[in-house]
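I have placed the structure first, in the form of structure tokens, so that the comments after it can refer back to it.
Please read these numbers as outputs of a predicted model, since none were measured by experiment. Residue numbers begin at 1 in each chain, while the letters A, B, ... track the order of the sequences.
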2 protein chains.
Amino acid sequence: MVVSHNEAEKSAEVTSKEPHGSVRARFAAYFADWQRRSLVEGWVCPTRDLLDSIGDTWSTLILMSLAAKPLRFSAVWRAVPDISKRMLTQTLRSLERDGMISRHVFATKPPSVEYRLTELGDSLLESMSALVEWTERSHPVVLRARMRFDALEDAAG
Amino acid sequence: MVVSHNEAEKSAEVTSKEPHGSVRARFAAYFADWQRRSLVEGWVCPTRDLLDSIGDTWSTLILMSLAAKPLRFSAVWRAVPDISKRMLTQTLRSLERDGMISRHVFATKPPSVEYRLTELGDSLLESMSALVEWTERSHPVVLRARMRFDALEDAAG
DNA sequence: CAGCATCCGTGCGGATACTG
DNA sequence: CAGTATCCGCACGGATGCTG
């Protein structure tokens, strides 16, 4: 936290220099667009909708487990530590419903079911890679930021 | 859902051709790495940790609202539709703690507080842009997939 | 093997009222 | 203006037991 005794107006000048423009400008435009679209009745934000769906605890982990090759139910279960069978079933269904994975039933005895990434699921992983790399790079930075924040908070009482 | 009456083994051949390799291969490697690291006691997955933090209902929206320029508390409130003051305060605190935004208090009467994106927050938006563009592109595809899935489910009973 | 059904605890986030 | 404090519903997800 930064405390200043200058007037609030001071900050306007600082910000007008547009830090390193293009990315912020693009997101600013996107957000303005988002604000307009959100006024339309019945409008569903694509980002919200899809991230609500794949942003749960297990979806991306399951998608990644299928990146190398298709796996059967029990193989996915072994691949993803600590997931319950209930959540595995549920998440696989949700991913299939969204078209991220396909489900192939083989009429063997006992039955075996194979799940594989679709083109859509593959394109999602592709689009996530930049973000995943960012989290790997930034995690130490965030951990330090948290420690500093918590320390200052304790000091303040 | 695809039903086959071939043997399960048939699929192994199909998959060995590695669809369009590099992205899947990279994620397969990343996932294998993730599996190994998850065995270490006390290990925290960076992606899980950071996405848990910024993957909530409001964080990314707030970050985007600050992309154009710093805003004061009430301005953020107006910019983000339907957020409660409670969640705004809470989310701003969380983002500040993680170092995504900085908080600047101006000693005016009544007090005014300004929030602005940090370099880290900016880099997050940057890394998210590919994913956001993907959601915009893919939303129609997913909606169609869902309709087909639900239709087949209804037909099956 | 690949699920489904049921019960249940926890935490996210909304609503409301109050303060320096 | 910029928060805090309290109450509370509800959905996410864990645990367990059962089936074709």
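- Among the nucleotides C/dA2, D/dA15, D/dC1, the one closest to the side chain of B/Arg72 is D/dC1.
- Here B/Thr89 lies in heavy-atom contact (under 4.0 Å) with a base.
- One cannot find a donor-acceptor pair under 3.5 Å joining the base of C/dG3 and the side-chain atoms of A/Arg86.
- In this structure, A/His104 atom NE2 and C/dC1 atom C1' are separated by 18 Å, rounded to whole Å.
- Residues A/Glu136 and B/Arg37 are paired through a salt bridge, judged by an N-O separation under 4.0 Å between the basic side chain and the carboxylate.
- Scanning all heavy atoms of the two residues, the minimum distance from B/Gly99 to B/Thr118 falls at O-OG1, 2.6 Å.
- In this structure, B/Trp77 reaches neither bases nor backbone, as no heavy-atom distance under 4.0 Å exists between it and the strands shown.
- At whole-Å resolution of the value, CD in B/Gln90 and P in C/dA15 are 15 Å apart.
- As a whole-Å value, the separation of A/Lys85 NZ from D/dA15 P is 13 Å.
- Per the geometry, CG belonging to A/Leu71 stands 15 Å off P belonging to C/dC1, to the nearest Å.
- Of the residues near DNA chain D, B/Ser74 and A/Thr57, the one whose nearest nucleotide (by heavy atom distance) lies more toward the 5' end is B/Ser74.
- One atom, CH2 of B/Trp58, and another, P of C/dC12, lie 16 Å apart when rounded to the nearest Å.
- Note on A/Ser84: a side-chain N or O is less than 4.0 Å away from OP1 or OP2 of D/dG14.
- Rounded to an integer number of Å, the gap from A/Glu96 CD to C/dG3 C1' is 13 Å.
- Within the cation-pi definition used here (under 6.0 Å to the ring centroid, within 45° of the axis), A/Arg86 does not qualify as a partner of A/Trp77.
- When rounded to the nearest whole Å, the span between CZ of B/Phe73 and P of D/dC1 equals 11 Å.
- Formation of a donor-acceptor pair under 3.5 Å by the A/Ser84 side chain with backbone atoms of A/Met87 is found in this model.
- Nearest to the side chain of A/Arg93, among C/dC4, D/dG3, C/dG3, sits C/dC4.
- Checked by atom type and distance alone, the side chain of B/Arg48 pairs as donor or acceptor with a backbone atom of A/Thr57 at under 3.5 Å.
- Atom P of nucleotide C/dA2 and atom CD1 of A/Ile101 are separated by 13 Å, given to the nearest angstrom.
- Nearest to the side chain of A/Val113, among C/dA2, D/dA2, D/dG14, sits C/dA2.
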